[in-house]
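Okay, so here's the structure we're looking at.
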Amino acid sequence: MYRDIYCGLISEKDIDKKVKIAGWVENIRDHGGVIFVDIRDEKGTIQVVSNDDSIFNGLTKESTVTIEGVVRKRDEDDFNLKIATGTVEILISSLTILGKSKNVLPFEIITSKEVSEEVRLKYRYLDLRNPKVHDNVVFRSQVIKFLREKMEKLGFLEIQTPILTASSPEGARDFIVPSRKFKGKFYALPQAPQIFKQLLMCSGFDKYFQIAPCFRDEDARSDRVYGEFYQLDFEMSFVTEEDVLKIGEEIFYDVFKKFGHKEISNEPFRRLTYKEAIAKYGTDKPDLRNPLEIIDVTSVFVDTDFKPFRSVPVKAIKVLDIASKSNSWFNELVDYAKTIGMPGIGYFKILEDMSFAGPIDKFLTDFEREELIKLADLKPNSVIFFIADRKNASKLAGLIRDELGRKLDLIDESKYEFCIVKDFPMYEWNEELDKYDFSHNPFSMPQGGIEALNSQDIENIVAYQYDFVCNGIEMASGAVRNHDIEIMKKAFALAGYSEDTVKEKFKSLYTAFQYGAPPHAGMAPGIDRMIMLLKEEKSIRETIAFPMSASGQDLMMGSPGDVSELQLRETHIKIR
């Protein structure tokens, strides 16, 4: 009724054919008796033309129309080679307005990405008409379809897990849902299908996956959306860590090979222990495109007279061939260091004759200089930067490494550089709670099992936990799961949870593990982050059809919003 061909699919093979199209009015141009209109649908844009003004009476941009006419070739002087239909146009015989748009739009569709995010999200249905924004959603659908087909070929069974569940202390804040039927009781939206997928393994399913929604009440940032995100969640029974890592490598390699436009520089992916990643890169999410590495030079300054380096960890970063940089260049780095909580940054240059020059050179002894030359393998015209801090030397050094990579243009933007970071510590010190708590996933299996929990110092216990990282972005997280009830009780006890608490908070797993649980493991690649990286978007919200704003609001739907007094009474809630 409305169309027999898409706008973007019309070509020179359709010349002299009568066609019917439907879409949105993108542009109207009156050339003095001849009116040109660009019509856009999901497949592209085509120009239509008429010298009958009455056909366009009342037409406004972004109105929806259906048009009949004959395809003809444009004059060569009027070719528009920027679009697929740029050599043809439609001479209109009839035009019907289907849905009229207001004369004044909140923003121009074609430049919507230049508008403030708040305005874009308030009128998201208009923003999504922008082909660049629209394409992200289409692209997302294609990737998810590929992932589903890939998982099925690998022998995984797609199973949906509940959205309404019980509150669980898994790290982030839950979104809670009041119960009407059970006064004073609450459901929660799942932070992840973690417990359910482990229960599926206990139920005898060998390989499970789903495109899973996850709900966490945590602040948004460029690579994290507020509220709801999606992951490819999968789990396997009777497997080791290595089995899961190989599946993860295959998934990421195949997805990025098919949908990416850059070289995947390392396959199989490089593997780092958590300790190695922190020591060399200052982060468990290293961007390996940056060739700079952190050097521990603490041993050089054990007996130093230079107070800032005395009795604290001292990290260094060596950079070749930059000694000739201007003072202003170095001052910019000093200013950056101050923004991340450092008092500044110490450095010196190694001159052609291997003498030192710089702000802290006068504080060093000849012995310290000689030791640094050997330890850091210093070369003429290089510069060595120092980061000293009692608690955060590695983290700060990692941030300085990143900044040097940016300032020196060391990042190879033509590559996807993957790595797997593994052997995370099972526990970390929680300063807010003044106790050790789980560092990664409370359901992970400690390396060494119950013996490690009983005999090792808590800070030395390592878990079978792993992350996949690409270009400095965490892409997936996973673990070999704890499937033994005694190990589970002991692991939670070390984090300060009594057996009664474990029974109450994790009743299902606590019970299921007493009926023959298989060894199992899995991981969860983040779909939103995957799309963000493949589409080279700076914000994860660009990959989602209807995202929350950075502040956690749905500006289009008006949520969070008020509910009626009746709704509050039915769910036994009083606002205070």
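What you see is a predicted model; the values in this text were computed from it and never measured.
- Looking at heavy atoms from C-beta onward, Tyr123 lies out of side-chain contact with Asp127 at the 4.5 angstrom threshold.
- Between Glu62 and Arg40 there is a salt bridge, since a side-chain N of the basic residue sits under 4.0 Å from a carboxylate O of the acidic one.
- Side chain of Arg401 to main chain of Asn290: a donor-acceptor pair is present (N/O by atom type, distance under 3.5 Å, no hydrogens or angles).
- Within 6.0 Å of the OH atom in Tyr2, the count of heavy atoms belonging to other residues, nucleotides or ligands does not exceed 12.
- The shortest side-chain heavy-atom distance between Asn27 and Val37 does not fall under the 4.5 Å cut-off.
- Applying the 6.0 Å contact sphere to NZ of Lys395 captures no more than 12 heavy atoms from other residues, nucleotides or ligands.
- Atom CG of Leu410 is separated from atom CG of Leu404 by 8.0 Å, given to the nearest 0.5 angstrom.
- Inter-residue side-chain proximity for Ile21 and Val48 is flagged as met; some heavy-atom pair is nearer than 4.5 Å.
- In plain terms, the two heavy atoms of Pro193 and Gln231 that are nearest each other are CD-NE2, 3.8 Å.
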Run the side-chain contact (heavy atoms from CB on, under 4.5 Å) check on His483 and Met201 step by step: do they pass? CA-CA 10 Å; His483 68 280; Met201 298 300 100; over 6 Å; no
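- In terms of modelled atom types and a separation under 3.5 Å, the side chain of Asn130 and the main chain of Ile109 share a donor-acceptor contact.
- When atom types are taken as modelled, the side chain of His134 and the backbone of Leu128 share a donor-acceptor pair closer than 3.5 angstrom.
- Here Glu428 pairs with nothing under the side-chain hydrogen bond (donor to acceptor under 3.5 Å, both in side chains) rule; sequence neighbours left out.
- Taking a cutoff of 4.0 Å between a charged side-chain nitrogen and a carboxylate oxygen, Glu417 and Arg270 do not qualify as a salt bridge.
- No option in Arg140, Arg529, Lys132, Arg120 other than Arg120 meets the salt bridge (charged side-chain N to carboxylate O under 4.0 Å, His left out) test with Glu542.
- Between Phe252 and Phe269, the distance separating the two ring centers is not shorter than 6.0 angstrom.
- Judged purely by atom type and a 3.5 angstrom limit, Ser414 has no side-chain atom pairing as donor or acceptor with the backbone of Lys262.
- Between the side chain of Asp528 and the backbone N or O of Tyr230 there is at least one donor-acceptor pair closer than 3.5 Å.
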Run the side-chain contact (heavy atoms from CB on, under 4.5 Å) check on Gln198 and Phe513 step by step: do they pass? CA-CA 10 Å; Gln198 290 192 250; Phe513 284 179; 3.8 Å; yes
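- A donor-acceptor contact shorter than 3.5 Å links the side chain of Ser439 to the backbone of Pro425.
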Pair Ile544, Glu228 - check side-chain contact (heavy atoms from CB on, under 4.5 Å), show working. CA-CA 10 Å; Ile544 301 167; Glu228 180 180 358; over 6 Å; no
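- Summarising the geometry of Leu245 relative to Phe468, their closest heavy-atom pair is O-CZ, 3.6 Å, with the distance given to 0.1 Å.
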Apply the test side-chain contact (heavy atoms from CB on, under 4.5 Å) to residues Phe107 and Leu126: give CA-CA distance (whole Å), side-chain angles for both, the deciding distance (0.1 Å), then the verdict. CA-CA 9 Å; Phe107 46 76; Leu126 296 180; 3.9 Å; yes
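- Interatomic distance, Glu26 CD to Lys61 NZ, rounded to the nearest 0.5 Å: 8.5 Å.
- A donor-acceptor pair under 3.5 Å is formed between the side chain of Arg124 and the backbone N or O of Ala545.
- The distance from atom CD1 of Ile340 to atom CG of Leu399, rounded to the nearest 0.5 Å, is 4.5 Å.
- If you check the side chains of Tyr466 and Asp423, you find no donor sitting under 3.5 Å from an acceptor.
- More than 12 heavy atoms of other shown residues, nucleotides or ligands fall within 6.0 angstrom of atom NZ in Lys535.
- Distance check: Phe215 CZ to Phe229 CZ gives 9.5 Å after rounding to the nearest 0.5 Å.
- When every heavy atom of Tyr125 is checked against every heavy atom of Arg129, the shortest pair comes out as O-CG, 3.4 Å.
- Put simply, the side chain of Cys202 does not reach to within 4.5 Å of the side chain of Ser237, judged on heavy atoms.
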Verify side-chain hydrogen bond (donor to acceptor under 3.5 Å, both in side chains) between Glu537 and Thr543, making sure each step is shown before the conclusion. CA-CA 8 Å; Glu537 292 285 2; Thr543 73; over 6 Å; no
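- No side-chain heavy atom of Gln447 sits less than 4.5 Å from a side-chain heavy atom of Val480.
- Rounding to the nearest 0.5 Å gives a distance of 11.0 Å between NZ of Lys415 and CG of Leu288.
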Salt bridge (charged side-chain N to carboxylate O under 4.0 Å, His left out) for Glu242 and Arg271? Distances and angles first, verdict last. CA-CA 11 Å; Glu242 187 59 29; Arg271 301 188 185 190; 2.6 Å; yes
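- Comment: Glu249 does not engage Lys246 in a salt bridge, judged by the lack of any side-chain N to carboxylate O separation of less than 4.0 angstrom.
- Taking the six-membered ring where the residue is Trp, Tyr416 and Phe418 present tilted rings, their angle falling between 30° and 60°.
- Enclosure of atom CZ in Arg406 by more than 12 non-hydrogen atoms of other residues, nucleotides or ligands within 6.0 angstrom is indicated.
- Inspection of the Tyr208 and Asp233 side chains reveals an N or O donor paired with an N or O acceptor under 3.5 Å.
- Counting only N and O atoms by type, the side chains of Gln194 and Asn441 include a donor and acceptor under 3.5 Å apart.
- Residues Pro178 and Tyr187 share a closest heavy-atom pair of O-CD1, 4.5 Å.
- Put simply, the side chain of Ser63 reaches to within 4.5 Å of the side chain of Lys100, judged on heavy atoms.
- A donor-acceptor pair under 3.5 Å is formed between the side chain of Asp4 and the backbone N or O of Lys20.
- Counting non-hydrogen atoms of neighbouring residues, nucleotides and ligands closer than 6.0 angstrom, the OH atom of Tyr6 reaches no more than 12 such neighbours.
- With a 4.5 Å cut-off on side-chain heavy atoms, Phe209 and Leu154 do not count as touching.
- Under a 3.5 Å cut-off, the side chain of Asp41 and the backbone N or O of Cys7 do form a donor-acceptor pair.
- Below 30°, between 30° and 60°, or above 60°: for Phe492 and Tyr497 the angle between ring planes is above 60°, a perpendicular geometry.
- Residue Met488 holds its CE atom at 5.0 Å from CG of Leu509, rounded to the nearest 0.5 Å.
- Judged purely by atom type and a 3.5 angstrom limit, Ser549 has no side-chain atom pairing as donor or acceptor with the backbone of Glu118.
- In terms of heavy atoms, Val177 sits closest to Leu189 at CG2-CD2, 3.9 Å.
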Hey, mind stepping through Asp467 and Ser477 against side-chain hydrogen bond (donor to acceptor under 3.5 Å, both in side chains) and telling me if it holds? CA-CA 4 Å; Asp467 285 354; Ser477 185; 2.9 Å; yes
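- The shortest heavy-atom contact between Gly449 and Ile487 is CA-CD1, 4.2 Å.
- Looking at Met530 and Pro525, their side chains come closer than 4.5 Å, going by heavy atoms from C-beta outward.
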